[in-house]
Amino acid sequence: MRIGIVGGGQLGMMMAEAAVKYGHSIVGLDPVENCPLSYVADSMIVADYNNKKAFEDLAEKSDVITYEFENVDLFLINEFLTRIPQKSMGLEVSRERLREKNFVKDLGVPTVKFNTYKSLDDVFYPSIIKTNTGGYDGKGQHRLHNQKDVDQLHLDAQKNYIIEEYLSFDYEISVIASRDKYGNVVTYPIPKNTHKNGILFISEVSKELPCEVISDATKYANSIITSLDYVGTLAVEFFVIKGKVIFNEFAPRPHNSGHYSIEGCNVSQYSNHILAICGEKVITPFLMKNAVMINVLGQNMDYLDNLIGENIHVHMYNKKDVKKNRKMGHITVLDNNNDDLKIKVLDIIKESI
Ligand code: ADP
Ligand code: MG
């Protein structure tokens with residue numbers, strides 16, 4: 001099949017890597033000529049996401065279209081919906097945090113306490129204020145612990161905000177789920193995710209999670225992906241506090257915390273995404289070896305200096321400008337022996353986890 005991918009970042013690149021293994025050809029759409037996807041795609045259309053002519057061109061050159069990030073042009077996605085198995089409900093709901101949390105709450109999934117933020121009258125502690133739209137990797141977020149934080153708060157009057165209870169969670173997890181057009185849903189072994197400054201640092205899929213946590217998180221993710229009538233791979237992030245699973249956000253696309261599945265599972269989150277959007281049935285994933293995925297940000301390029309050892313898999317995204325907090329690549333380390341796994345990871349990141 002000819003697959004059109006809107007968005008040329010690393011997620012698009014890894015979707016394409018999975019797709020070419022099934023013999024599909026790829027055409028990408030991205031404003032940046034030498035974006036990560038351009039190194040894998042058969043051809044690229046270099047244009048803005050809201051360029052209708054470019055979208056028409058993409059539709060003409062592909063049998064099926066997918067998107068790899070949230071901030072694509074919703075109007076155009078809706079116009080070409082018959083070609084987009086992922087559909088647009090996941091996008092429409094997740095691009096507004098307030099709508100997303102209300103949608104999930106209505107499904108009976110626990111969320112943190114949240115409200116629209118309009119003025120200082122809405123402040124409570126401890127809390128976190130986030131832009132309602134457009135935020136990612138912790139951008140546009142302000143934590144409020146006391147009056148001092150409020151005094152330093154500078155919000156953009158043009159933007160809408162949500163205020164959420166700041167949860168002192170025990171840990172974070174994500175459920176990566178894939179659903180096909182027949183309604184089958186499969187979920188991946190659940191990673192424990194550690195963030196630094198709101199950006200994913202590592203995902204560990206080796207720690208035993210309590211059965212109740214696994215079953216609640218899986219049930220909630222299943223309900224979300226099914227209610228969105230979504231086809232493809234989607235990720236749901238949760239906080240866990242005292243064994244209780246609480247929804248944070250979902251992403252209607254493969255996810256950073258699911259990168260480990262490329263080598264860690266029998267079928268990756270990208271392969272299942274491609275199978276689903278091409279009308280095939282999704283495959284049940286299982287863990288082949290315990291895995292840790294480490295993000296290589298611009299300030300962590302030295303992680304690449306220490307990659308001696310078996311079962312260490314490096315993925316660099318071919319981004320030319322190395323910038324602080326920019327995701328440049330990732331490393332997946334596999335080992336069934338958890339002590340050896342930890343040693344290998346420490347050798348790379350040089351700090352305790
Ligand atoms: P983004 O879209 O930037 O990923 P998130 O809402 O997932 O936004 O926030 C990024 C990270 O910030 C989360 O993974 C978590 O570590 C922290 N965080 C976000 N919201 C809360 C909250 N209500 N309580 C505690 N920590 C939070
Ligand atoms: Mg997040």
Side-chain angles (χ1 to χ4, degrees), residues 5 7 9-19 21 36-37 66-70 86 90 94 136-137 171-180 184-195 199-207 209 213-214 217-218 220-222 224-225 228 230-240 245 247-277 282-297 313-317 327 329-334 345:
I5 302 181
Q10 62 269 20
L11 300 177
M13 180 187 99
M14 288 182 271
M15 279 182 187
E17 284 169 349
K21 289 188 186 158
L37 174 60
T66 182
Y67 49 84
E68 59 112 40
F69 81 132
E70 285 94 321
Q86 242 165 322
S94 67
Y136 68 97
D137 283 347
Y171 54 92
E172 291 183 84
I173 57 170
S174 52
V175 177
I176 316 293
S178 305
R179 181 173 177 270
D180 58 33
N184 301 307
V185 177
V186 295
T187 55
Y188 281 79
I190 299 178
K192 237 185 192 184
N193 303 320
T194 307
H195 293 78
I199 308 174
L200 185 62
F201 170 45
I202 57 170
S203 291
E204 302 169 78
V205 203
S206 48
K207 303 217 162 130
L209 294 174
V213 168
I214 296 174
T218 305
Y220 298 152
N222 214 305
I224 292 168
I225 196 169
L228 294 168
Y230 183 89
V231 170
T233 294
L234 171 147
V236 190
E237 299 177 16
F238 296 100
F239 303 123
V240 182
V245 176
F247 172 83
N248 175 28
E249 63 171 358
F250 75 79
R253 51 167 172 80
H255 195 254
N256 195 166
S257 64
H259 291 350
Y260 84 88
S261 63
I262 298 175
E263 291 92 8
C265 293
N266 56 321
V267 56
S268 78
Q269 62 165 351
Y270 299 102
S271 295
N272 259 334
H273 183 74
I274 296 299
L275 287 171
I277 64 163
V282 288
I283 296 171
T284 304
F286 58 83
L287 195 65
M288 299 204 293
K289 276 202 170 89
N290 289 348
V292 175
M293 190 283 316
I294 305 161
N295 264 342
V296 181
L297 304 182
H313 301 275
V314 183
H315 295 251
M316 293 308 288
Y317 307 149
K327 290 173 180 166
H330 75 265
I331 304 166
T332 300
V333 185
L334 304 174
V345 172

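Just so you know, these numbers come straight off a predicted model, no measurement behind them.
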Enquirer: Could I get the full list of ring pair (Phe, Tyr, Trp, His ring centres under 6.0 Å) partners for H273, not counting sequence neighbours?
Expert: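 Partners of H273 by the ring pair (Phe, Tyr, Trp, His ring centres under 6.0 Å) criterion come out as none, since no residue qualifies.
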
Enquirer: For Y188 and N272, which I'm curious about, is there any donor-acceptor pair between the side chains at under 3.5 Å?
Expert: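 Yes, because at least one side-chain N or O of Y188 sits under 3.5 Å from a partner of the opposite role on N272.
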
Enquirer: Thinking salt bridges, do E70 and R253 make one under a 4.0 Å N-O criterion?
Expert: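 Yes, charged N to carboxylate O under 4.0 Å.
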
Enquirer: Test of understanding: with ring pair (Phe, Tyr, Trp, His ring centres under 6.0 Å), list the residues that count as partners of H313, not counting sequence neighbours.
Expert: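 Not a single residue meets the ring pair (Phe, Tyr, Trp, His ring centres under 6.0 Å) criterion with H313.
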
Enquirer: Is it true that a side-chain atom of N193 and a backbone atom of S203 form a donor plus acceptor pair closer than 3.5 Å?
Expert: no

Enquirer: Does the side chain of Q86 pick up a donor-acceptor pair with the side chain of Y230 at under 3.5 Å?
Expert: yes

Enquirer: Roughly how far apart are I277 CD1 and T66 OG1, rounded to 0.5 Å?
Expert: 4.5 Å

Enquirer: Is a side-chain donor or acceptor of S271 paired with a backbone partner of V267 at a separation under 3.5 angstrom?
Expert: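 No; zero donor-acceptor contacts below 3.5 Å.
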
Enquirer: Looking only at side chains, do S178 and T233 share a donor and an acceptor under 3.5 Å apart?
Expert: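 Yes, T233 and S178 have a side-chain donor paired with an acceptor closer than 3.5 Å.
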
Enquirer: Does the side chain of Y260 come within less than 4.5 Å of P191's, by heavy atoms?
Expert: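 P191 reaches Y260 side chain to side chain.
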
Enquirer: Holding to side-chain contact (heavy atoms from CB on, under 4.5 Å), I want the full list of residues that pass it with N290, two or more places apart in sequence or in another chain.
Expert: S206, L287, N336, N338, L341

Enquirer: Quick one, Y171 with V213, criterion side-chain contact (heavy atoms from CB on, under 4.5 Å). Give me CA distance, side-chain angles, the key distance, then yes/no.
Expert: CA-CA 11 Å; Y171 54 92; V213 168; 3.8 Å; yes

Enquirer: So which heavy atom on A177 is nearest to which on V185, and how close?
Expert: CB-CG1, 4.4 Å

Enquirer: Just jot down the salt bridge (Lys or Arg N to Asp or Glu O under 4.0 Å) partners of K327, sequence neighbours excluded, or say none.
Expert: D137

Enquirer: Hey, does the side chain of N248 reach the backbone of F238 with a donor-acceptor pair shorter than 3.5 angstrom?
Expert: no

Enquirer: Identify the heavy atoms of P189 and C265 that sit nearest to each other, and give their distance.
Expert: CD-SG, 4.2 Å

Enquirer: If a pair satisfies salt bridge (Lys or Arg N to Asp or Glu O under 4.0 Å) and one of its residues is in residues 256-271, list it, with sequence neighbours excluded.
Expert: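 Qualifying pairs: none.
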
Enquirer: Just jot down the side-chain hydrogen bond (donor to acceptor under 3.5 Å, both in side chains) partners of Y67, sequence neighbours excluded, or say none.
Expert: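 By the side-chain hydrogen bond (donor to acceptor under 3.5 Å, both in side chains) rule, Y67 matches no residue at all.
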
Enquirer: Find out whether I283 and V186 are in side-chain contact, i.e. whether some heavy atom of one side chain is under 4.5 Å from a heavy atom of the other.
Expert: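 Counting from C-beta outward, I283 and V186 never come under 4.5 Å.
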
Enquirer: Please enumerate all residues that pass ring pair (Phe, Tyr, Trp, His ring centres under 6.0 Å) together with Y220, with sequence neighbours excluded.
Expert: none

Enquirer: Answer whether the closest heavy-atom distance between the side chains of I224 and N222 falls below 4.5 Å.
Expert: no

Enquirer: side-chain contact (heavy atoms from CB on, under 4.5 Å) between M14 and I262: does it pass, once the steps are laid out?
Expert: CA-CA 9 Å; M14 288 182 271; I262 298 175; 3.7 Å; yes

Enquirer: The criterion is salt bridge (Lys or Arg N to Asp or Glu O under 4.0 Å); which residues satisfy it with E249, sequence neighbours excluded?
Expert: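 With sequence neighbours excluded, E249 shows a salt bridge (Lys or Arg N to Asp or Glu O under 4.0 Å) to R97, given in chain and number order.
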
Enquirer: Where do P285 and N266 come nearest, in terms of heavy atoms and distance?
Expert: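 P285 and N266 have their closest heavy atoms at CA-OD1, 3.2 Å.
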
Enquirer: Provide the closest heavy-atom pair for A291 versus T332 in the form atom of the first, atom of the second, distance.
Expert: CB-CG2, 4.5 Å

Enquirer: In Å, rounded to the nearest 0.5 Å, how long is the span from CE of M13 to OH of Y270?
Expert: 8.5 Å

Enquirer: Taking it one step at a time, do D180 and L275 satisfy side-chain contact (heavy atoms from CB on, under 4.5 Å)?
Expert: CA-CA 8 Å; D180 58 33; L275 287 171; over 6 Å; no

Enquirer: Looking at CZ of F69 and OH of Y136, how far apart are the two atoms once the value is rounded to the nearest 0.5 Å?
Expert: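 One finds 9.5 Å between CZ of F69 and OH of Y136.
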
Enquirer: Closest approach of H259 and L11, non-hydrogen atoms and distance?
Expert: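 That closest heavy-atom pairing would be CE1-CD2, 3.6 Å.
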
Enquirer: Hydrogens and angles aside, do H330 and Y317 bring a side-chain donor and acceptor to less than 3.5 Å of each other?
Expert: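 Yes - a donor-acceptor pair under 3.5 Å links their side chains.
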
Enquirer: Considering residues at least two apart in sequence or located in another chain, which fulfil the side-chain hydrogen bond (donor to acceptor under 3.5 Å, both in side chains) criterion with S261?
Expert: none

Enquirer: Within this structure, what is the CD1-NE2 distance for the pair I202 and H195, rounded to the nearest 0.5 Å?
Expert: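 If I round to the nearest 0.5 Å, the distance is 11.0 Å.
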
Enquirer: List for me each residue that meets salt bridge (Lys or Arg N to Asp or Glu O under 4.0 Å) alongside E237, sequence neighbours excluded, and say none if there are none.
Expert: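 So E237 forms no salt bridge (Lys or Arg N to Asp or Glu O under 4.0 Å) with any residue.
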
Enquirer: So do the side chains of L37 and I5 get within less than 4.5 Å of each other, counting heavy atoms only?
Expert: yes

Enquirer: Measuring only between side-chain heavy atoms, which start at C-beta, is V240 closer than 4.5 Å to I173?
Expert: yes

Enquirer: Hey, could you give me the CG/CD1 distance between N295 and I199, rounded to the nearest 0.5 Å?
Expert: 8.5 Å

Enquirer: Judged by modelled atom types alone, do H255 and Q269 share a side-chain donor-acceptor pair under 3.5 Å?
Expert: no

Enquirer: Quick one: salt bridge (Lys or Arg N to Asp or Glu O under 4.0 Å) partners of E68, sequence neighbours excluded?
Expert: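 In terms of salt bridge (Lys or Arg N to Asp or Glu O under 4.0 Å), with neighbours along the sequence ignored, E68 is linked to no residue.
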
Enquirer: Would S174 and S257 count as having a side-chain donor-acceptor pair, cut-off 3.5 Å?
Expert: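 Indeed, the side chains of S174 and S257 share at least one donor-acceptor pair under 3.5 Å.
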
Enquirer: Which heavy atom in V231 sits nearest to a heavy atom in A276, and how many Å separate them?
Expert: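 Looks like CG1-O, 3.5 Å.
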
Enquirer: Excluding sequence neighbours, so at least two apart, what forms ring pair (Phe, Tyr, Trp, His ring centres under 6.0 Å) with F201?
Expert: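 Testing F201 for ring pair (Phe, Tyr, Trp, His ring centres under 6.0 Å), a comparison that skips the adjacent residues, returns none.
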
Enquirer: Report the distance from atom CG of L200 to atom OG1 of T194, rounding to the nearest 0.5 Å.
Expert: 8.0 Å

Enquirer: I would like to know whether V333 and I294 meet side-chain contact (heavy atoms from CB on, under 4.5 Å); could you show each step before the answer?
Expert: CA-CA 8 Å; V333 185; I294 305 161; 4.2 Å; yes

